[in-house]
Amino acid sequence: MGAPRNQVFFPTTFQTLFSHWFRTPDAVPFAGGTDIIRYQGSRIPKLPQNILSLDKLEELHRITRTERYLEIGAMVKLSEIIALGKIVPEALTWCLEGIGGPQVRNLATIGGNICRKSHYSDASVPMIALDAQYELRTATATRWISASRFSSCAPVSGSPARPVDVPFSTLGSQELLTRIRIPLEQWDYGVYTKFTSREPDEPTGGIVFIIRNQKNVLTDIRIIYGRDIILRDKNTEALLIGKPLPLNRKDAFNCVDHWKTYLAALPPMEDLLQARIINFIESSLLGLTD
Ligand SMILES: Cc1cc2nc3c(=O)[nH]c(=O)nc-3n(C[C@H](O)[C@H](O)[C@H](O)COP(=O)(O)OP(=O)(O)OC[C@H]3O[C@@H](n4cnc5c(N)ncnc54)[C@H](O)[C@@H]3O)c2cc1C
């Protein structure tokens, strides 16, 4: 007998979820559904044969806050996170505000965003910058993984290999993202930009710049771009740490040159993308000068 077809499961516990999944291995986790049905022009959307709705798993809707962390269940909607206000690191809020329109953000979940299969989702970029951790769960085990080591998809063919030099992990078979843990550290200045395309083949992606300032000394900095790949030059960050603020213009331009060298050493990428990244970094660094 073949696997059951055209079923929608609404498990209320992880035990029932994984036992449905075991019996129906082609079932697809369904969160807000906005990515699953995206780009479908017809009035009746095409859905996967078998669906595992995550909606009734109460634990996935929870938001908790400790002194050090904000923990967000995978089924929390993007609009709910934005509505939390000041507790949410600004870089993440700016990014979530740029995803779809209000209707999409009222349905779309943070877990669905991080797990979308096409490329690094918008939220992955601030999550990496903020040192977020993801809780992943199978029927038998739970593991935590750093956002910087997680990719929901294999690298896109034809794109540069993943330049961030860390082994990365994708979702395993019948594995769910269940929770996101974001450290609540103070970042003192930040900029987030989403590159949008006016022409179909223009490069897109999100880039974040955040710094920590202690007594007018730059004590930490993250500059991260993401779309098909994640770009981060830790050498440039190390050069800037310890510099007095406001930043000297010479140091700012020196770091821009380091980023140019970093990009030039990677497998080729579109000139327009390189130009957008360099412009963003230059203007963000100049924002720290007198
Ligand atoms: C008009 C429009 C504009 C959009 N704009 C943007 C944009 O600007 N930036 C952007 O990043 N996205 C955008 N999206 C895509 C999408 O809305 C978001 O990525 C959204 O956050 C996906 O969340 P969801 O809950 O709807 O995921 P779903 O569509 O339910 O799921 C997405 C994928 O993740 C898997 N999945 C979901 N939850 C889990 C989980 N907990 N564990 C494991 N796998 C899981 C599903 O099986 C599916 O493969 C847009 C979509 C629309 C319709």
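Keep in mind it's a predicted model, so treat the numbers as computed, not measured. Computed from heavy atoms alone, side chains included, the values below leave out hydrogens, waters and symmetry copies. The first residue in the sequence is number 1, and the count goes up from there. Counting starts at 1 for both ligands and their atoms, in listed order.
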| request: Starting from atom 8 (O) of ligand 1, locate the nearest protein heavy atom and write down its residue, its atom name and how far away it is, to 0.1 Å. | output: K194 NZ, 2.5 Å
| field | Expected output: side-chain R181 to main-chain E135 donor-acceptor under 3.5 Å | value | no
| task | Would you mind reporting whether R227 and F195 have side-chain heavy atoms less than 4.5 Å apart? | result | no
| task | For atom 47 (O) of ligand 1, find the nearest protein heavy atom and state the residue, atom name and distance (0.1 Å precision). | result | P29 O, 2.6 Å
| said: Check this for me: does any side-chain nitrogen of one of D131 and R222 sit under 4.0 Å from a carboxylate oxygen of the other? | reply: yes
| field | Residues S121 and S124: side-chain donor-acceptor under 3.5 angstrom | value | yes
| note | protein heavy-atom neighbour closest to atom 37 (C) of ligand 1 works out as G112 CA, 3.5 Å
| query | With no hydrogens and no angle check, is any side-chain donor or acceptor of W259 less than 3.5 Å from a backbone partner on I278? | reply | no
| At what distance is the nearest protein heavy atom to atom 16 (C) of ligand 1, and which residue and atom is it? | T34 OG1, 3.3 Å
| field | Protein contact to atom 28 (P) of ligand 1 [nearest heavy atom, distance to 0.1 Å] | value | G33 N, 3.5 Å
| field | Side chain, backbone, both or neither: M75 near ligand 1, heavy atoms under 4.0 Å | value | neither
| field | Options Q40, R38, R105, ranked by nearest heavy atom to atom 3 (C) of ligand 1, top entry | value | R38
| note | Nearest heavy atom to atom 21 (O) of ligand 1, choosing from L107, V104, N113, belongs to N113
| Sub-3.5 Å N/O-N/O distance, R116 and ligand 1 | yes
| Which of the atoms of ligand 1 are close to G98, meaning less than 4.0 Å from one of its heavy atoms? | 8 (O)
| query | Taking atom types as modelled, is there a side-chain donor on T138 or Q174 under 3.5 Å from an acceptor on the other? | reply | no
| Looking at side-chain heavy atoms only, is the closest gap between I114 and Y134 below 4.5 Å? | yes
| request: Under 4.0 Å, heavy atoms only, figure out whether ligand 1 is touched by the backbone of L54, its side chain, both or neither. | output: side chain
| request: For the residue pair R232 and S148, confirm or rule out a side-chain donor-acceptor distance under 3.5 Å. | output: no
| message | Could you check whether any side-chain N or O of S283 sits under 3.5 Å from a backbone N or O of F280, counting only pairs where one atom can act as donor and the other as acceptor? | response | yes
| Contact (N/O only, under 3.5 Å) between F30 and ligand 1 | no
| field | K77 heavy atom under 4.0 Å from ligand 1 | value | no
| field | Nearest-neighbour protein heavy atom for atom 49 (O) of ligand 1, which is reported as residue plus atom name and distance | value | K117 NZ, 3.7 Å
| query | Hey, does P29 have a side-chain heavy atom less than 4.5 Å from the side chain of W21? | reply | yes
| query | Of the protein's non-hydrogen atoms, which lies at the shortest distance from atom 42 (N) of ligand 1, and what is that distance? | reply | L177 N, 2.9 Å
| query | Looking only at heavy atoms, is any part of T178 under 4.0 Å from ligand 1, and if so is it the side chain, the backbone, or both, or is it neither? | reply | neither
| query | With a cut-off of 4.0 Å, which atoms of ligand 1 are near a heavy atom of I99? | reply | 6 (C), 7 (C), 8 (O), 9 (N), 10 (C), 12 (N), 13 (C)
| query | Looking only at atom types and distance, does a side-chain atom of N216 sit under 3.5 Å from a main-chain N or O of P244, one as donor and one as acceptor? | reply | no
| query | Can you list the ligand 1 atoms lying under 4.0 Å from a non-hydrogen atom of D122? | reply | 7 (C), 8 (O), 9 (N), 10 (C), 11 (O)
| said: Measuring only between side-chain heavy atoms, which start at C-beta, is R179 closer than 4.5 Å to W144? | reply: yes
| message | Looking only at protein heavy atoms, which one is nearest to atom 15 (C) of ligand 1, and what is the separation? | response | D35 OD1, 3.4 Å
| said: Taking 4.0 Å as the limit for heavy-atom contacts, which would you say applies to A74 with ligand 1: side chain only, backbone only, both, or neither? | reply: side chain
| request: Just go through C115, P48, A123 and tell me whose heavy atom is the nearest to atom 43 (C) of ligand 1. | output: C115
| Looking at A31, which atoms of ligand 1 are within less than 4.0 Å of one of its heavy atoms? | 25 (O), 30 (O), 37 (C), 38 (N)
| said: I need the atoms of ligand 1 closer than 4.0 Å to a non-hydrogen atom of L171, numbered in the order shown. | reply: 43 (C), 44 (N)
| L52 versus L176: any side-chain heavy-atom pair under 4.5 Å? | no
